[in-house]
Amino acid sequence: MKRILLTMFFSMSILFFIITFLTMPRIHANFFEIPIINKITNSAIFTDALFMMMSTEVPQLQTALATNEVEVPQWSKLLLEGAAGVTPRNFSSLLNLELPGKNPIFPIQLATTGSESEHMPIESPPPDFEELLKEDAEETKEEKPKEQTTKKEEATIFIYHSHSWEAFLPLLGDKQKKPSNASSTNNSKNIVMVGSLLSQQLEKQGIPTFHDTTNVTAGLHAMGGDYYDSYDFSRKTVQKAISINKNIEYFIDIHRDAQRKDITTATIDNKPYAKLYFIVGIEHKNYKQNLAFVEQLNQALEAKYPGISRGIFLKDKSEGNGVYNQDLSQKSILIEIGGVDNNKEELQNTSKALAEVISEYHSNAKKVN
């Protein structure tokens, strides 16, 4: 009888540890990806709502919610947290464990101060493509000025936009417009305008730059794709540029964040700047080369313009695309410049600062070569 009990005990222990291993977030992240979960768990409203729903079925949880007392951790709670990764009375820890893709494997690097959640980037929701296509049809009637002077086959830097519709509320001129609707195909109101500002500044620094202003909305519609095909579409754009010009050294995909103005704006030497941050995709084998490049740019930016950067964010496939076309070049970067509330002056100042730093990096690299 004793032998049977011991056998059962060891069998249950082994089973318990196998289940614990298989349910680890690291294992989940390899097979699932739900980018929206990150937003949900950062929302106090969602968390409170989910707590209330759970408390209707779990009386103990209802009792725990009724009190704010801090109690000494019990061995049972420590064992639960250590073995299963669930912290009692912390709903986010349960989501981290049970919802695939919620908990990223790789750390987030921040160059700014403040709480992590405060400075976390926020991805804009997919736009209304039908509305954007209607807007684009109206704008095609207008004659648009051509700003590009450098040919693609002469460029050293290639600037493009995977989400070319990302716009800025002050430029849209509609005070009633919701931040989630800050989208436009008008290149004087969306992120393409920022690409133009950066391109012009780089040209002033003597660096041949080609700015791709492809209307991604129309391009995706023509190929029967949608929002989730954006990086596949822009990948073809980058690959075409590489086939035309083997001498392009830098590929810069420019976006804008969905955070509000207090997070995305800095005052440096009495001048307003739109803060920026870098995204490094780590779902390819050569990501460390891109990371090293970005770290040098970020460090130089912070040295010259303290507070302009929100940091470097590493993303795997559980938080989005995970590659962002950065496997095509060791100097391929994704930069989020500003947020929905930033105006042209702030974006222009940041574009000039970024161009200065890239130019200095480029000059130093040429000297080393």
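Because the structure is predicted, anything quoted here is derived from the model rather than measured.
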Test your reading of the model: is there a side-chain donor-acceptor pair from [X] to the backbone of [Y], 3.5 Å cut-off?
{"X": "N342", "Y": "G338", "value": "no"}
{"X": "N190", "Y": "S164", "value": "yes"}
{"X": "S359", "Y": "A355", "value": "no"}
{"X": "S329", "Y": "K331", "value": "yes"}
{"X": "Q326", "Y": "Y287", "value": "no"}
{"X": "S243", "Y": "A241", "value": "no"}
{"X": "T264", "Y": "A274", "value": "no"}
{"X": "Q259", "Y": "G339", "value": "no"}

Could you tell me whether [X] and [Y] have their ring centroids closer than 6.0 angstrom?
{"X": "Y277", "Y": "F313", "result": "yes"}
{"X": "Y305", "Y": "Y273", "result": "yes"}
{"X": "Y160", "Y": "F210", "result": "no"}
{"X": "H163", "Y": "Y231", "result": "yes"}

Polar side chain donor-acceptor pair, [X] to [Y], under 3.5 angstrom:
{"X": "S183", "Y": "E166", "value": "no"}
{"X": "D212", "Y": "T237", "value": "no"}
{"X": "N186", "Y": "S188", "value": "yes"}

Start with the C-alpha gap between H255 and D253, add the side-chain angles, then the distance that decides, and say whether side-chain hydrogen bond (donor to acceptor under 3.5 Å, both in side chains) holds. CA-CA 7 Å; H255 296 246; D253 188 3; 3.1 Å; yes
Between L198, I335, V192, V194, which is the residue that forms a side-chain contact (heavy atoms from CB on, under 4.5 Å) with I159? L198
Around atom [atom1] of [X], are there more than 12 heavy atoms from other residues, nucleotides or ligands closer than 6.0 Å?
{"X": "K288", "atom1": "NZ", "value": "no"}
{"X": "K344", "atom1": "NZ", "value": "no"}
{"X": "D262", "atom1": "CG", "value": "yes"}
{"X": "Q239", "atom1": "CD", "value": "yes"}

Identify whether [X] and [Y] are in the same connected component of the hydrophobic contact network (ILVMFWY, side-chain heavy atoms under 4.5 Å).
{"X": "F129", "Y": "M223", "result": "yes"}
{"X": "V323", "Y": "I254", "result": "no"}
{"X": "Y228", "Y": "L132", "result": "yes"}
{"X": "V216", "Y": "L133", "result": "no"}
{"X": "F233", "Y": "W165", "result": "yes"}

Assess whether salt bridge (charged side-chain N to carboxylate O under 4.0 Å, His left out) is satisfied between E336 and R256, documenting all intermediate values. CA-CA 5 Å; E336 300 263 359; R256 71 112 176 92; over 6 Å; no
Salt bridge E345-K271, side-chain N to carboxylate O under 4.0 Å: no
Pair D257 + R310: basic N to acidic O under 4.0 Å: yes
For side-chain contact (heavy atoms from CB on, under 4.5 Å), just list the numbers for V340 and F168, CA-CA rounded to whole Å, side-chain angles, deciding distance to a tenth of an Å, and then say yes or no. CA-CA 5 Å; V340 289; F168 301 88; over 6 Å; no
Start with the C-alpha gap between T185 and N215, add the side-chain angles, then the distance that decides, and say whether side-chain hydrogen bond (donor to acceptor under 3.5 Å, both in side chains) holds. CA-CA 7 Å; T185 56; N215 185 333; 5.0 Å; no
Would D327 and R235 count as a salt bridge (charged side-chain N to carboxylate O under 4.0 Å, His left out) if you check the C-alpha gap in whole Å, the side-chain angles of each, and the deciding distance to 0.1 Å? CA-CA 10 Å; D327 58 324; R235 187 177 185 84; 2.8 Å; yes
Supply the atom-to-atom distance L276 CG to I337 CD1, rounded to the nearest 0.5 angstrom. 6.0 Å
Single hit among K261, K275, K352 for salt bridge (charged side-chain N to carboxylate O under 4.0 Å, His left out) with E346: K261
Going through the checks in order, is the side-chain hydrogen bond (donor to acceptor under 3.5 Å, both in side chains) test met by N298 and S309? CA-CA 7 Å; N298 188 64; S309 174; 2.5 Å; yes
